[in-house]
Amino acid sequence: ALADRPALFLTLTYSDAYQVADWSDWKRHVERLFDRMQYRNSDISMIWRLELIDRKSGEFKGELRPHLHCIIFNFPLVVDDKAPQPTIADLSKPEENFGSTIYEFRRWLAQAWYEIVGTGDEKHLRAGTSAEVVRSWTALKRYTSKYVAKETDEIAGAPVPVGRWW
């Protein structure tokens, strides 16, 4: 049941300090993150979706920048509806394990993504990720179908090919 082993929605972004490289780097980053997750718990699985969108703020406002949406399945987590996003003080204490709450996982995720992307940008450590617990299978189906239905041309407009989007 979803309540026993919840699924998570993740968003992974890149900071202005990240020099946009080849699309294969973005995919290598998400693969490295999944490898880290599986090292800690081999029961989880993940699907992801790449998006290239116009930046809404920052140095590269209006330019296409990558970000990824992920769904993690079979995640061992105690659901805590009141869990805040971690503070910068919390993020300065990297965790070896996921922890058992969404709060602890958010700390782990922020640190892991920050290390994988490797810009050294503290703003990215604070704001480069988000993680939310999937509340129902209906919500999961809606979220997934929203991204599956997007056409590549609608998302991209990209001057370079990006391989597969999922």
Side-chain angles (χ1 to χ4, degrees), residues 6-135 140 143 147 155 158 160 162-163 165-166:
L8 302 176
F9 293 130
L10 309 183
T11 302
L12 309 170
T13 65
Y14 289 91
S15 73
D16 285 345
Y18 176 73
Q19 298 300 313
V20 174
D22 186 83
W23 58 267
S24 62
D25 289 339
W26 311 329
K27 293 174 184 177
R28 191 170 19 264
H29 290 161
V30 78
E31 287 168 3
R32 287 181 61 203
L33 179 67
F34 185 61
D35 288 346
R36 286 187 184 199
M37 288 181 191
Q38 282 217 307
Y39 178 77
R40 286 162 179 77
N41 186 318
S42 61
D43 292 337
I44 65 168
S45 58
M46 177 175 77
I47 59 171
W48 55 267
R49 169 75 169 170
L50 170 66
E51 254 192 307
L52 295 177
I53 59 166
D54 291 331
R55 279 296 290 266
K56 306 291 186 244
S57 62
E59 182 181 339
F60 298 101
K61 184 177 180 179
E63 292 184 25
L64 289 177
R65 302 291 283 186
H67 75 250
L68 295 132
H69 299 277
C70 308
I71 302 172
I72 307 297
F73 294 97
N74 205 29
F75 197 84
L77 186 71
V78 175
V79 176
D80 178 2
D81 290 335
K82 305 284 189 232
Q85 289 285 3
T87 65
I88 192 61
D90 294 333
L91 294 172
S92 66
K93 307 171 204 161
E95 295 292 319
E96 285 295 315
N97 298 308
F98 293 139
S100 61
T101 68
I102 187 67
Y103 179 78
E104 291 166 333
F105 176 73
R106 286 174 179 152
R107 286 176 52 188
W108 180 90
L109 177 65
Q111 184 68 38
W113 188 243
Y114 171 79
E115 290 170 4
I116 288 166
V117 174
T119 63
D121 181 0
E122 191 175 284
K123 291 178 192 173
H124 188 240
L125 176 62
R126 290 192 309 261
T129 61
S130 70
E132 300 300 326
V133 176
V134 174
R135 299 292 172 202
L140 180 62
Y143 180 89
Y147 287 99
I155 299 170
V160 294
V162 295
W165 294 92
W166 279 100

J.: Nearest 0.5 Å, what's the CG-CG distance between Leu33 and Leu68?
T.: 9.5 Å
J.: To the nearest 0.5 Å, what is the distance between CG on Asn74 and CG on Asn41?
T.: 7.0 Å
J.: Distance check, rounded to the nearest 0.5 Å: Met37 atom CE versus Ser45 atom OG?
T.: 11.0 Å
J.: Side chains of Leu12 and Val117: closer than 4.5 Å at any heavy-atom pair?
T.: no
J.: What I want to find out is whether Arg126 reaches Glu122 closely enough, with some N-O distance under 4.0 Å, to be called a salt bridge.
T.: yes
J.: Applying side chain to side chain contact (heavy atoms under 4.5 Å, CB included) to Thr129 and Tyr114, what does each step give before you reach the verdict?
T.: CA-CA 9 Å; Thr129 61; Tyr114 171 79; over 6 Å; no
J.: For Arg32 and Ile116, work out which heavy atoms get closest and say how close.
T.: NH1-O, 3.7 Å
J.: Could you tell me the separation between the CG atom of Asp25 and the OH atom of Tyr14, rounded to the nearest 0.5 Å?
T.: 8.0 Å
J.: Between Met46 and Cys70, is there a side-chain heavy-atom distance shorter than 4.5 Å?
T.: yes
J.: Under 3.5 Å, side chain of Asp16 to main-chain N/O of Glu59, donor-acceptor pair present?
T.: yes
J.: Can you give me the closest heavy-atom contact between Phe73 and Ala7, atom names plus distance?
T.: CD2-CB, 4.2 Å
J.: Grab the two heavy atoms, one from Arg36 and one from Glu115, that are nearest each other, plus how far apart they are.
T.: NH1-OE1, 2.8 Å
J.: How close do Ile44 and Gln38 get, heavy atom to heavy atom, and via which atoms?
T.: O-NE2, 3.1 Å
J.: Give a yes or no answer on whether the side chain of Trp113 reaches the backbone of Thr13 with a donor-acceptor pair at less than 3.5 Å.
T.: yes
J.: Does the side chain of Trp26 come within less than 4.5 Å of Trp48's, by heavy atoms?
T.: no
J.: Evaluate the criterion side chain to side chain contact (heavy atoms under 4.5 Å, CB included) for residue pair Phe9 and Ile71; output intermediate values, then yes/no.
T.: CA-CA 5 Å; Phe9 293 130; Ile71 302 172; 4.0 Å; yes
J.: Evaluate the criterion side chain to side chain contact (heavy atoms under 4.5 Å, CB included) for residue pair Phe105 and Val133; output intermediate values, then yes/no.
T.: CA-CA 11 Å; Phe105 176 73; Val133 176; over 6 Å; no
